[in-house]
Number of protein chains: 2
Amino acid sequence: MDTVTIKDIARALNLSTSTVSRALRGSYEINPETKRLVMEYAERLNYRPNPIALSLKENRSRAIGVIVPQIANYYFSQAINGIEAIAYNRGYHVIIFQTHESYEREVANMQQAVSRRVDGLLISMSSETSDVTHLKELQKQGMPIVLFDRVSAEMESTTQIVADNFGGAFAATSHLIQTGRRRIAHLTIPPYLSITQERLAGYRAALEQYGIPYDENLVRYGTFGPDEAGAMVDDLMALSPRPDAFFTASDRLALGCLAALQQRNLAIPEEVSLIGFTNTNVAELLSPAMSTVVQPAQEIGQMAAERLIELIERKLKASPADVVRIPTKMVVRASSTRSPTLP
Amino acid sequence: MDTVTIKDIARALNLSTSTVSRALRGSYEINPETKRLVMEYAERLNYRPNPIALSLKENRSRAIGVIVPQIANYYFSQAINGIEAIAYNRGYHVIIFQTHESYEREVANMQQAVSRRVDGLLISMSSETSDVTHLKELQKQGMPIVLFDRVSAEMESTTQIVADNFGGAFAATSHLIQTGRRRIAHLTIPPYLSITQERLAGYRAALEQYGIPYDENLVRYGTFGPDEAGAMVDDLMALSPRPDAFFTASDRLALGCLAALQQRNLAIPEEVSLIGFTNTNVAELLSPAMSTVVQPAQEIGQMAAERLIELIERKLKASPADVVRIPTKMVVRASSTRSPTLP
DNA sequence: TTGTAGGCGTTATCAT
DNA sequence: ATGATAACGCCTACAA
């Protein structure tokens, strides 16, 4: 790749590099005629300033690092999508690191990012990470950091962007109640995760608001493994009175629950209502069959990037306990014909 | 972020920057004692060379640009995963650009990447792109380029990495035939795409090999829209004799076909066999229910990155018509119980 | 209005 | 074995 530099232009036009530099940046103290000449010539040669030289000079890379468990995942790829949209607009590029859910790799990635001289870091913690001293340490050294989705309560003075899990669960449960449901089962993910707890709290709050007693028999916890929903549904449908609605907490559970109900030839939503937390893509696939609460992955990414760039450019410290909750969106199934089909 | 430079070390140790530099790189012509001192001090201060300064000096960014239609997509996020794995190993970082299937944005992204001084470019063309002069032009100017997945026959002297669609379709169809099927329907995507044609050719070649006549009534073309498979299945099952197997060409069609067959209470694979091209993630979800031909997205990404880095570092031109086909993997459904369920 | 010089961090070349 | 200098591309304080 040939590359035109200011020097080339200066030589060709018999000017000094400083004059060219000033002309290019439209400095007021330059002869309009010279300016025109330089501009034209630069245009003709398709001159582009070398961002690397600029970085060196300005001591910043115009790059932000993004550390996520994995890219090949609906949720994170959408979040990254949101991050990129904002970052590119503001003139930053994005360097992605994957932890593959390993604490060790998270630490290594962090150091990599530092070596690469990123201007700031967007982090979604690995599931293995419980000790956050590496993050605190780095932040103390002046690195702007924003956490998103997988956050930590221990990072008191860090901006954190999460989905409004409580609100989403509250809305979903309320919707089921308002459409006449009273025995609402909740299939969810492991209880030790904060998102699980928040969603459960939203579910309980809605029940309480409508005076429906909380029944812990109706709540089932899964892992992230496959093929769990079938057994849970079996189990729950054996109760008496049996549930008249299911509220699921993940894509997998939603699909599994849907399949299990269909297999039993239960009409949705006539006999059993169904609503679940899902990613946008899956929500789209499921929308003819069931209602969904869509995780705002992209919006979380955008907000995180915005906040980070603010931190970088204004060089402000995050205000303590600055936790932003992005609302979820409920998509109520449009059709309500009997015997719904998959996509 | 405080940052330790060679200068800091030199000052502290009362040496010149050149000595420090040499010591750090382990030059033989340096006093072992000095070397030790420098190394230790650098270690203690956690010195890391500034990659930006190096880039400026070496006139390369150690970054490769990746231009894809979108990140938030199973296929491309996996491909990127493969790309990153290789790139990071070789000391490159990856800058991602999205075209959102727009030709205009593809061109703009290309220029962006050039401005960013990427050392090479990995491109999966937008669906809108038919004119490839922008790519040819850039390549002629010396930019190393490798195309993957969405490639173009017009780029004669460019390395291109694609899935072995023919082979995958051939294997899938052969498998159906070997398990006793004779009336094999093929639900596929728009006919003008090269991947569609390749898969159809593989399907036909397998039929031919086993002496089964090709029946164009058994082939149905969809768009990428939702809810198409149901009608296709209806239509096909009304034929007489009706199909005894389905071979689908996308995730969507596979899911739709599966749902439609289940709804008709047709046992898979006893009454009707089913196999489809899918992404890994979806294949995993579907595996209890049907067989799949898995698209090698990640491997394609890896191979593309390997080839690109080779081009960058050896500075070789691609040999003409260098098209690499990555094999697909057939996953035959393990269980064959009646009435299969979704995930 | 334009030019000169120095510096961002690093390494290669040429002294010493 | 070590140091001084220049260069990568750009910008800016200072000079003219």
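The figures that follow rest on heavy atoms only: side chains count, while hydrogens, waters and symmetry mates do not. In what follows, chains are A, B, ... by sequence order, proteins preceding strands, each numbered from 1.
Closest-nucleotide positions on DNA chain D for A/Ile6 and A/Glu29 were compared, and the one nearer the 5' end corresponds to A/Ile6.
Distance, B/Lys7 NZ to C/dT10 P: 10 Å, rounded to whole Å. If you measure from atom CG of A/Leu24 to atom P of D/dT12, you get 12 Å, rounded to the nearest angstrom. D/dT12 atom C1' lies 12 Å from atom CD1 of A/Ile30, rounded to whole Å. Rounded to a whole Å, the CD atom of A/Glu33 is 13 Å from the P atom of C/dT1. A/Leu37 places its CG atom 15 Å from the P atom of C/dT1, with the value rounded to the nearest Å. Distance, B/Asn31 CG to D/dG3 C1': 15 Å, rounded to whole Å. Whole-Å rounding puts the B/Asn50 CG to C/dT11 P distance at 10 Å. Across the protein-nucleic acid pair, B/Leu56 atom CG and C/dG7 atom P stand 17 Å apart, rounded to whole Å.
Phosphate contact (OP1/OP2 of D/dC11, side-chain N/O of A/Ser21, threshold under 4.0 Å): present. At the phosphate of C/dT10, OP1 or OP2 sits under 4.0 Å from a side-chain N or O atom of B/Tyr47. For A/Thr19 and C/dT2, the shortest distance from a side-chain N or O to OP1 or OP2 is not below 4.0 Å. Contact annotation: B/Ser16 side-chain N/O to D/dG3 OP1/OP2 distance is under 4.0 Å.
Residue-level contact check: A/Ser55 touches neither bases nor backbone, having no heavy atom under 4.0 Å from any strand. Counting any heavy atom pair closer than 4.0 Å across all strands shown, A/Ile52 reaches no nucleic acid atom. Contacts of B/Asn59 with the nucleic acid, taken as non-hydrogen atoms under 4.0 Å apart, are absent. Among the heavy atoms of the strands, none lies under 4.0 Å from A/Asp8. Within the 4.0 angstrom heavy-atom criterion, only backbone atoms of the sugar-phosphate kind lie near B/Thr34; the bases stay farther away. Using a 4.0 Å heavy-atom cutoff across all strands shown, B/Arg25 reaches sugar-phosphate atoms only and no base atom. Base contact: B/Ser18 has a heavy atom under 4.0 Å from a base atom.
Among the nucleotides C/dT11, D/dC10, D/dG3, the one closest to the side chain of B/Leu54 is C/dT11. When each of D/dC10, C/dT4, C/dG9 is scored by its nearest atom to the side-chain atoms of A/Lys57, the top-ranked nucleotide is D/dC10. If you check C/dT2, C/dT11, D/dC10 against the side chain of A/Arg22, the one that comes closest is C/dT2.
Below the 3.5 angstrom threshold, one finds no donor paired with an acceptor across the side chain of B/Arg48 and the base of C/dG9.
Between the NE2 atom of B/His93 and the CD1 atom of A/Ile95 there is a distance of 4.0 Å, given to the nearest 0.5 Å.
Ion pairing of A/Arg105 with A/Glu128 is absent here, as no side-chain N (NZ or NE/NH1/NH2) approaches a carboxylate O to less than 4.0 Å. Checked for salt-bridge contact, B/Arg36 and B/Glu33 meet the test: a charged N lies under 4.0 Å from a carboxylate O.
Ring geometry for B/Phe76 versus B/Phe148: interplanar angle over 60°, hence perpendicular rather than tilted (30 to 60°).
Each of A/Asp119, A/Val146, A/Thr159 was scored for a side-chain contact (heavy atoms from CB on, under 4.5 Å) with A/Leu308, with one residue passing: A/Val146.
A/Ile64 has its side chain out of reach of A/Val118: every pair of non-hydrogen atoms, C-beta onward, lies at least 4.5 Å apart.
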